[in-house]
Number of protein chains: 2
Amino acid sequence: MPGGPLRDRRPEGGERLSRATAHRLSLYLRALAAWPADGGKVSSGRIAAACGVTDAQVRRDLASLGHLGRRGIGYDAPELAAAIRAVLGIDRTWRAVLVGVGNLARALLRYRGFRTQGFEVLALFDADPAKVGERVEGLAIEPTDRLAERVRELGAELAILTVPAEAAQPVADALGAAGIRGVLNFAPVLLKLPPRVKLVSVDLAIQLEQLAFLIQHGEPAADPAAR
Amino acid sequence: MPGGPLRDRRPEGGERLSRATAHRLSLYLRALAAWPADGGKVSSGRIAAACGVTDAQVRRDLASLGHLGRRGIGYDAPELAAAIRAVLGIDRTWRAVLVGVGNLARALLRYRGFRTQGFEVLALFDADPAKVGERVEGLAIEPTDRLAERVRELGAELAILTVPAEAAQPVADALGAAGIRGVLNFAPVLLKLPPRVKLVSVDLAIQLEQLAFLIQHGEPAADPAAR
DNA sequence: GAGTGTGAACGGCTTCACAGCT
DNA sequence: AGCTGTGAAGCCGTTCACACTC
């Protein structure tokens with residue numbers, strides 16, 4: 001058998017944390033940031049209460065980052081925040097471009113917390129010639145057919161896709177070819193991308209459907225945060 | 001104990017379907033809608049391919065809706081779509097209000113698929129007096145302090161919250177008091193609501209953080225759709 | 001007392017595999 | 001052959017409980 005023990009080798013480095021855990025870490029980070037910077041010590045219980053999860057869950061999540069807590073004491077808030085940022089990969093600045101400058105794009109651009117959390121939008125693109133040249137939040141809109149070229153030029157790693165559904169796949173193809181590493185997609189379609197490009201999709205209509213579902217079936221508890 | 005001799009309620013009383021399943025059902029529904037309306041028959045394999053899941057998963061999900069498929073044949077697309085709509089609770093119209101008329105709100109209002117999927121926004125509210133009276137997508141913006149009164153008047157069941165973070169909790173309180181049944185929240189805070197009010201939260205900044213995390217750790221596969 | 005770290009039990013979702021129908 | 005429905009198994013994330021530390 002040619003495969004042998006070399007295949008399927010777990011890349012060492014301890015425990016891989018799940019996507020769900022990563023999501024909660026974002027929540028914890030937000031809670032820490034909103035904290036009145038008192039003593040600097042926090043406990044799993046306080047974080048849990050602020051984020052709507054159990055304290056055991058918080059401890060389990062934080063333990064996966066290393067030995068950050070001290071028994072009987074708690075966690076050091078700044079140290080904890082730094083560790084979470086590091087594992088989430090937001091301890092540096094990500095260079096991003098945005099394609100499709102509609103209302104959603106404008107809302108995102110104005111959203112504080114993008115730049116503060118380490119995301120920087122470097123360029124805007126739109127296929128509509130009437131929009132090209134217009135300035136939004138300090139950036140001039142460029143034509144979409146320059147997308148690949150400019151992505152390479154700027155060294156952008158992330159793309160935010162806020163184009164209509166029909167335009168999404170062609171743009172995604174162009175982004176993939178230009179060497180982008182991640183796409184945050186708001187178009188309600190299933191994008192096909194090479195496996196080296198990571199994808200997170202947000203479908204706003206589906207969220208409303210989920211809400212209808214929750215009401216329809218009397219689920220036990222309200223949801224702390226959703227995806 | 002009422003009921004008595006009537007047991008054996010197979011059709012819908014038995015299995016509760018999970019939130020994850022409900023999310024996938026939304027995906028399937030979208031795939032069905034986008035289908036070229038050929039014969040009218042679909043198989044679990046085709047749906048699976050369109051949604052980025054396994055065929056076994058599709059069968060398991062659809063089986064939980066009742067006995068819709070026919071062995072050797074597949075599913076009848078229109079019938080399947082109707083069944084999914086029914087279980088998701090979107091086989092009727094939901095009356096909704098929207099609070100906080102910024103760019104995000106305008107993007108949502110323009111989003112086709114809201115009204116077509118059974119959601120109708122009846123009124124808009126904003127705390128900014130300068131915006132009150134302005135018409136957006138055919139609706140005049142009303143002052144937020146009329147919110148509770150108008151929710152009752154209109155019989156609204158759902159609310160879409162697109163206000164700044166600081167304003168979210170007070171508005172949520174007002175909505176809860178007015179008898180709203182569900183809230184779709186876009187403000188980056190953990191809302192406290194009575195358990196009878198269902199909550200779905202969408203945090204756009206967290207989605208970007210998730211993307212950074214995926215890139216940072218070379219996850220095996222790209223994600224079909226996210227929450 | 002307050003609080004973390006963690007094995008172990010638990011529960012639920014997903015995948016497998018195949019029987020059964022067309 | 002093609003495809004669904006479904007026990008059974010596998011897997012993974014969450015919760016429990018408690019030893020341990022300050």
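By convention in this document, chain letters (A, B, ...) are assigned in the order of the sequence lines, proteins followed by strands, and residues within each chain are numbered from 1. All heavy atoms count here, side chains included; hydrogens, waters and symmetry mates do not.
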Rounded to whole Å, CG of B/Leu65 lies from C1' of D/dT6 at a distance of 15 Å
Fill in: Distance below 4.0 Å between A/Ser44 side-chain N/O and C/dG3 OP1 or OP2
no
D/dC22 base to A/Arg71 side chain: any donor-acceptor pair below 3.5 Å? no
- Item | Short N-O contact, A/Glu157 and A/Arg92, less than 4.0 angstrom | yes
Close side-chain approach of B/Leu158 and A/Leu211, heavy atoms under 4.5 Å:
yes
**Message:** Any non-hydrogen side-chain atom of B/Trp35 less than 4.5 Å from a side-chain atom of B/Val42?
**Reply:** yes
Does any N or O donor sit under 3.5 Å from an N or O acceptor when you compare the side chain of A/Arg60 with the base of C/dT6? no
Between NE2 of A/His23 and C1' of D/dG13 the distance, given in whole Å, is 15 Å
When rounded to whole Å, the NE2 to P distance for the pair A/His67 and C/dT4 reads 14 Å
Between NZ of A/Lys41 and P of C/dG1 the distance, given in whole Å, is 23 Å
Here the distance between atom P of D/dT15 and atom CG of A/Asp55, to the nearest Å, is 10 Å
### Message
Check the phosphate of C/dC13 against B/Arg24, side-chain N and O only, distance under 4.0 Å to OP1 or OP2. Yes or no?
### Response
no
>> Check the phosphate of C/dC13 against B/Gln57, side-chain N and O only, distance under 4.0 Å to OP1 or OP2. Yes or no?
In response: no
**Prompt:** Hey, is the side chain of B/Arg59 pairing donor to acceptor with the base of D/dG5 inside 3.5 Å?
**Reply:** yes
- Is the closest side-chain heavy-atom distance between A/Arg24 and A/Cys51 below 4.5 Å? no
Result for 5'-nearest mapping on DNA chain D, choosing between B/Tyr75 and A/Thr54, is B/Tyr75
Discussion item. Determine whether A/Glu120 and A/Thr93 satisfy the following criterion, side-chain hydrogen bond (donor to acceptor under 3.5 Å, both in side chains), listing intermediate values before the conclusion.
Written reply: CA-CA 7 Å; A/Glu120 187 175 10; A/Thr93 299; 5.3 Å; no
message = Over all strands shown, is A/Arg70 touching base, sugar-phosphate only, or nothing at heavy-atom distances under 4.0 angstrom?
response = sugar-phosphate
To the nearest angstrom, the CG-C1' distance between B/Leu17 and C/dG12 comes to 14 Å
Taken to the nearest whole Å, CG/A/Asp61 to P/C/dT6 is 14 Å
note: A/Arg19, atom CZ; D/dC11, atom P; distance rounded to Å ~ 22 Å
DNA chain D nearest-nucleotide lookup for A/Ile73 and A/Thr21: closer to the 5′ end is A/Thr21
